[in-house]
Amino acid sequence: MKKSTLFLPLALVLFMPHQRAAAQAGFEGTITWSISIPQMDEESHSMIMNIKGDKTEQEMDMGVQGLIKTYMDRGKKKMYVAMMSMKQGMSMDMNEDAKSTGKDDIELKPTGKKSTIAGHAAEEYLITSPKGDLSLWAASDFPADIREGIKGQLGHNPGQDSKQSHAFKQLSDKGLVPVKVEMKEAGEVQMSMEFVKYEMKKLDDAVFALPTDIKFNPMPAGMGGH
């Protein structure tokens, strides 16, 4: 398995050009996704995202690799990744918003395909870039608070092509929320991610506290992307 495979699910949920919008919307609760990584195994794994203001705690079941928790503090622009079974952690600074370089850099193409995903009517869009292709199924029927909460997690991240960042922003500007994402590299599926459900609820601040038994070292160069 490529070392970058471990960070594919992390990368795709750390797209963040609208960090402040998510905080202003005041979404508090849990968003659940299902993720498949063929290079790892043939199973679907759950990913739970707890969101409260500027903070996000993400729990990802990585099968034999165990539970991985990711902590994001957008106010401090810091991200921490904890590999719970190995008692190892990494930290890194979150990138600033990517600057747009013009419409010619955006290749967001509607395919005309439609489907119902997790109860939401969705349409497919295709994003192509040197780093691979993304198939995006997007829906427009989410409540505003939920839309802003999800949008705060989909945008720019370490290793992501700026073209993809701008394409995600374009979807957000249209009021669309991705409910299924499929990443391909050289024609092969690297990862698929599908929205399952959301739940608005109060979350204890302790959920967002870093594990005290794990030491967080700076993330090595190249580990956040390809």
Side-chain angles (χ1 to χ4, degrees), residues 1-20 22-23 27-41 43-98 131 149-150 152-161 164-165 181 183 190-191 193 199 201-226:
M1 180 180 66
K2 300 178 183 178
K3 66 179 181 180
S4 62
T5 301
L6 176 64
F7 292 93
L8 279 173
L10 301 178
L12 280 179
V13 296
L14 299 181
F15 305 127
M16 299 177 185
H18 301 288
Q19 299 164 13
R20 297 303 174 190
F27 174 79
E28 182 175 351
T30 298
I31 299 173
T32 303
W33 299 80
S34 175
I35 292 182
S36 298
I37 307 174
Q39 291 177 318
M40 185 175 73
D41 56 36
E43 304 296 326
S44 293
H45 299 271
S46 65
M47 182 178 69
I48 298 174
M49 301 166 62
N50 293 305
I51 303 172
K52 184 177 183 179
D54 275 344
K55 295 183 178 181
T56 298
E57 185 261 2
Q58 171 186 297
E59 301 177 4
M60 173 69 186
D61 166 24
M62 292 294 286
V64 296
Q65 296 186 42
L67 179 67
I68 291 181
K69 290 188 176 183
T70 303
Y71 300 84
M72 291 163 277
D73 189 324
R74 292 181 289 278
K76 297 181 179 179
K77 301 186 185 301
K78 296 292 292 186
M79 180 180 81
Y80 303 87
V81 179
M83 291 160 280
M84 304 302 289
S85 61
M86 293 184 282
K87 298 299 179 181
Q88 296 179 4
M90 292 178 287
S91 65
M92 68 179 300
D93 294 327
M94 288 163 48
N95 288 351
E96 296 291 339
D97 297 354
K131 291 182 179 291
I150 295 176
Q153 308 310 311
L154 300 172
H156 186 65
N157 73 94
Q160 182 189 8
D161 189 273
Q164 295 177 4
S165 297
V181 179
M183 173 181 278
Q190 301 294 305
M191 188 207 72
M193 170 176 152
E199 181 181 3
K201 61 181 180 180
K202 294 293 183 180
L203 298 173
D204 194 293
D205 289 340
V207 172
F208 307 93
L210 296 178
T212 57
D213 59 343
I214 293 181
K215 180 180 179 181
F216 292 88
N217 296 309
M219 183 177 289
M223 288 293 285
H226 299 288

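- The side chain to side chain donor-acceptor pair (under 3.5 Å) search around Ser34 returns none, not counting sequence neighbours.
- Applying the side chain to side chain contact (heavy atoms under 4.5 Å, CB included) criterion to Lys201, with sequence neighbours excluded, gives Thr30, Glu199, Leu203.
- The heavy-atom pair separating Asp73 from Lys76 by the smallest distance is OD1-N, 3.1 Å.
- Qualifying salt bridge (charged side-chain N to carboxylate O under 4.0 Å, His left out) partners for Lys55, counting only residues two or more places apart in sequence or in other chains: none.
- Looking only at distances, no side-chain donor or acceptor of His45 sits under 3.5 Å from a matching main-chain atom of Ile35.
- Lys52 NZ to Glu28 CD: the interatomic distance, rounded to the nearest 0.5 Å, is 4.5 Å.
- Listed by chain and residue number, nothing satisfies the ring-ring contact (aromatic ring centres under 6.0 Å, His included) test with Phe208 (two or more places apart in sequence, or in another chain).
- Taking Glu57 as the reference, Asn50 meet the side chain to side chain donor-acceptor pair (under 3.5 Å) condition, with sequence neighbours excluded.
- Considering all non-hydrogen atoms of both residues, Gln190 and Pro38 come closest at O-CD, 3.6 Å.
- Lys215 pairs by the salt bridge (charged side-chain N to carboxylate O under 4.0 Å, His left out) definition with nothing, not counting sequence neighbours.
- Applying the side chain to side chain donor-acceptor pair (under 3.5 Å) criterion to Asp204, with sequence neighbours excluded, gives no partner residue.
- To the nearest 0.5 Å, the span separating CD on Glu59 from OG1 on Thr70 amounts to 10.0 Å.
- Residues satisfying the ring-ring contact (aromatic ring centres under 6.0 Å, His included) test with Tyr80, not counting sequence neighbours, are Phe216.
- Of all non-hydrogen atoms in Gln88 and Ile214, the two that sit nearest each other are C-CG2, 3.6 Å.
- Taking CG from Asp93 and NZ from Lys77, the interatomic distance works out to 10.0 Å, rounded to the nearest 0.5 Å.
- In this view, Glu43 satisfies the salt bridge (charged side-chain N to carboxylate O under 4.0 Å, His left out) rule with no residue, not counting sequence neighbours.
- Interatomic distance, CE of Met72 versus OG1 of Thr56, reported as 4.5 Å (0.5 Å rounding).
- By the side chain to side chain donor-acceptor pair (under 3.5 Å) test, Asn217 pairs with no residue at all, sequence neighbours left out.
- Separating the CE atom in Met92 from the NZ atom in Lys78 is a distance of 9.0 Å, to the nearest 0.5 Å.
- The line from CE of Met193 to OG of Ser36 is 12.0 Å long, rounded to the nearest 0.5 Å.
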